[in-house]
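When reading the values below, keep in mind they use all heavy atoms of this one structure, side chains included, and skip hydrogens, waters and symmetry mates. Residue numbers count from 1 along this sequence. As the structure is a prediction and not an experimental result, all values here were calculated from the model.
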Amino acid sequence: MNTVIVRYSSPDPAFEEYEFKEIQDLVESALFTNFGVISFLKKTISPKTNITPGRIDTIKEKMDAIYLMDGVRIDLVVFDFDLTAIQKKNLEKLLGVEVMDRTNVILTIFEINAHTPESIKQVEIAKLQYLKSHLVNNQASYSQVTSGSGHNKGVGEKQIELDRRKIESMILQKKEELKKIKARRSNSRAKRSNSSLPRVSIVGYTNAGKSTLMNLLLKASKNSRNKEVLSQDKLFATLETSTRLIEVFHYPDFLLTDTVGFIQSLPTFLVDAFRSTLEEIKESDLLIQVVDISSPFFESMISTTNDIIKELGANNIPMIYFYNKFDKLKDVPVSFISMVEDDDLLTSFKNEDEVYDIVRFISEKLTRKWKKKKMIFPYDKDFVTFQKENFVTSYLPREDGYECEVYLNPTSNKKY
């Protein structure tokens, strides 16, 4: 659809650029064609449209100018803020084209990228929740529904109330269907929970490089059955979790989960809709937050991610930071230098040789609370499996076995 974007500008120049780019990326990810952005300072607004009549005229003039210049008729106006049902209806009447708000655009992206039964069902629930909050009468007054055969036995209920009840019933039905899907996922999680393998989850802002990290580790993994996950330069390309076994020689095996990306101002009901998918995060032994350090707004992205992690109740899980796309930086931000700590890694996820440094870094952080021990490992025992289950940091051959320094996995059933 040929689109014009309408947004409120930020008084902060840096944040203005950040929000400006984000709404354009959202529109592009929804497969709409953007022909222009109109920014207004937020002042007194009309409650009927969320903007003033003068600004409506400005939007019309922009649409006419695009037609005169490019011969393109605009058939969609996207507002980078939420609209009530009445505001959306009034704007469509005044502008003569379809209108979407920010949440509506995100829902469109989710619908495009939902592929598994769980994510499809979650999107359906989210769309119904959005629809329920945006029901509006088509006439000046709601039509009345009466009961009885040929006789009016009462005033009845407003049609909008019946529609809302119908939608609520559909939501309940789909939630029941989702429960069955979640039960299967829970069974899979239970099997992983019974395993001695540690669990690591990748979190972060959408399009930061989470799936790229997953695929980089999969290429280094000796498990040929592992399939790569979808990695695209688009917002919300990944909508469901993907868990893979990472087996890199000399390092402990672990389960790695890629999760849906986060974004600022994500509506609560959308977070709720994907809560079951994000439940994977709470069962992790370690979180890796991937940050696009090439973005001038990386601090806001970190803040958004941390807020959602806290909302999910996973903020007590140890977290390390991978600052990705470091190769794109011309100048290192001063604010970034003060943030770098021992739990941070600067990377670009481009060089496959770098993967072993990444695996070692993850292993060191994942096992730092494991018991450290010096021991002799006999030659007649399976040293390869021992390395897979524990973190052997060094070993030397002796007469009676390998002299090792090792961090022992506390969940392993074997005693060493």
For a quick test of reading the model, state the closest non-hydrogen atom pair linking Gln24 to Asn34 and the distance between them. OE1-ND2, 3.4 Å

Just how far is it from atom CG of Asp258 to atom NZ of Lys210, taken to the nearest 0.5 Å? 6.5 Å

So, taking the atom named CD1 in Ile125 and the one named CD in Gln122, what distance separates them when rounded to the nearest 0.5 Å? 7.0 Å

Does any part of the side chain of Leu287, heavy atoms only, come nearer than 4.5 Å to the side chain of Ser201, both counted from C-beta? yes

Taking only Lys NZ, Arg NE, NH1 and NH2, and the carboxylate oxygens of Asp or Glu, determine whether Glu176 and Lys180 approach each other closer than 4.0 Å. no

Non-hydrogen atoms of Ile23 and Val78 that approach each other most closely: CD1-CG1, 4.2 Å

Any donor-acceptor pair under 3.5 Å from Ser169 side chain to Arg165 backbone: no

For Val406, does its backbone N or O pair with a side-chain atom of Lys371 as donor and acceptor, under 3.5 Å? no

Can you tell me how far NZ of Lys372 sits from CZ of Phe391, rounded to the nearest 0.5 angstrom? 10.0 Å

Quick check for you: to the nearest 0.5 Å, what is the distance between Phe254 atom CZ and Leu245 atom CG? 9.0 Å

Pair Ser39, Arg7: side-chain N/O donor-acceptor within cut-off below 3.5 Å: yes

If I compare all heavy atoms of Ile51 with all of Ser46, which pair ends up nearest, and what's the gap? O-CB, 3.3 Å

Of all pairs that satisfy side chain to side chain donor-acceptor pair (under 3.5 Å), the ones with a partner from residues 94-108, not counting sequence neighbours: Glu22-Arg102, Asp80-Arg102, Asp82-Thr103, Asp101-Tyr130

Considering all heavy atoms of both residues, which atom of Lys325 and which atom of Ala208 are nearest to each other, and what is their separation? CE-O, 3.8 Å

Would you say that Asn50 contacts Tyr8 through its side chain, given a criterion of any heavy-atom pair below 4.5 Å between the two side chains? yes

For the atom pair CZ (Arg244) and CG (Leu218), what is the distance rounded to the nearest 0.5 Å? 6.5 Å

Counting heavy atoms not belonging to Lys127, are there more than 12 under 6.0 Å from its NZ? no

Using the rule given for side-chain contact (heavy atoms from CB on, under 4.5 Å), can you reason through Thr212 versus Val290, listing the C-alpha separation, both sets of side-chain angles and the distance that settles it, and then say yes or no? CA-CA 10 Å; Thr212 303; Val290 178; over 6 Å; no

Please examine the side chains of Ile309 and Met319, heavy atoms only from C-beta on, and report whether any two atoms are closer than 4.5 Å. yes

Residue pairs meeting ring-ring contact (aromatic ring centres under 6.0 Å, His included), one or both in residues 61-80, sequence neighbours left out, come to Phe79-Phe81

Taking atom types as modelled, is there a side-chain donor on Thr243 or Thr257 under 3.5 Å from an acceptor on the other? yes

Is there side-chain contact between Lys166 and Leu162, with heavy atoms separated by less than 4.5 Å? no

Keeping the roles fixed (side chain from Asn2, backbone from Asp75), state whether a donor-acceptor pair exists under 3.5 Å. no

Test salt bridge (Lys or Arg N to Asp or Glu O under 4.0 Å) applied to Lys174 and Glu118, Glu168, Glu124, the passing residue: Glu124

Tell me whether Arg73 at atom CZ has more than 12 heavy atoms from other residues, nucleotides or ligands lying less than 6.0 Å away. no

Treating Asp285 as the side-chain partner and Pro198 as the backbone partner, does any N or O pair qualify as donor plus acceptor under 3.5 Å? no

Looking at Val200, is its backbone amide N or carbonyl O close enough to the side chain of Ser284 to form a donor-acceptor pair, meaning the two atoms are under 3.5 Å apart? no

Any sub-3.5 Å donor-acceptor pair from Arg199's side-chain atoms to Glu283's backbone N or O? yes

If we ignore hydrogens and angles and just use 3.5 Å, is the side chain of Asn324 paired with the main-chain N or O of Asp292 as donor and acceptor? no

Decide side-chain contact (heavy atoms from CB on, under 4.5 Å) for Trp370 and Asn409; before the verdict, give the C-alpha distance in whole Å, the side-chain angles of both, and the deciding distance to 0.1 Å. CA-CA 6 Å; Trp370 292 7; Asn409 184 346; 3.6 Å; yes

Between Thr305 and Met301, is there a donor-acceptor pair closer than 3.5 Å when you use the side chain of the first and the backbone of the second? yes

Is any side-chain heavy atom of Phe322 less than 4.5 Å from a side-chain heavy atom of Ile362? yes

N/O donor-acceptor pair under 3.5 Å between Glu92 side chain and Val99 backbone: yes

Pair Tyr395 + Phe383: ring centers closer than 6.0 Å: yes

Tell me, with the steps shown, if Phe361 and Ile288 meet side-chain contact (heavy atoms from CB on, under 4.5 Å). CA-CA 11 Å; Phe361 189 83; Ile288 300 174; over 6 Å; no

Gap between atom OG1 of Thr206 and atom CG of Asp25 - 0.5 Å precision: 9.5 Å

Validation row: Val97, Met63 side chains within 4.5 angstrom (heavy atoms): yes

Flag side-chain contact, heavy atom, 4.5 Å: Asn306 against Asn315: no

Within a strict 4.5 Å, meaning less than it, do heavy atoms of the Thr52 and Phe40 side chains meet? no

Backbone N/O of Leu217 and side chain of Ser221: donor-acceptor pair under 3.5 Å: no

Looking at Leu312 and Lys282, what are the two nearest heavy atoms and their distance? O-CD, 2.9 Å

Start with the C-alpha gap between Phe110 and Ile106, add the side-chain angles, then the distance that decides, and say whether side-chain contact (heavy atoms from CB on, under 4.5 Å) holds. CA-CA 6 Å; Phe110 279 14; Ile106 294 174; 3.9 Å; yes

Considering all heavy atoms, the nearest Phe326-Tyr323 contact: CB-O, 4.2 Å

Side chain to side chain contact (heavy atoms under 4.5 Å, CB included) with Leu94: which residues, sequence neighbours excluded? Thr49, Ile56

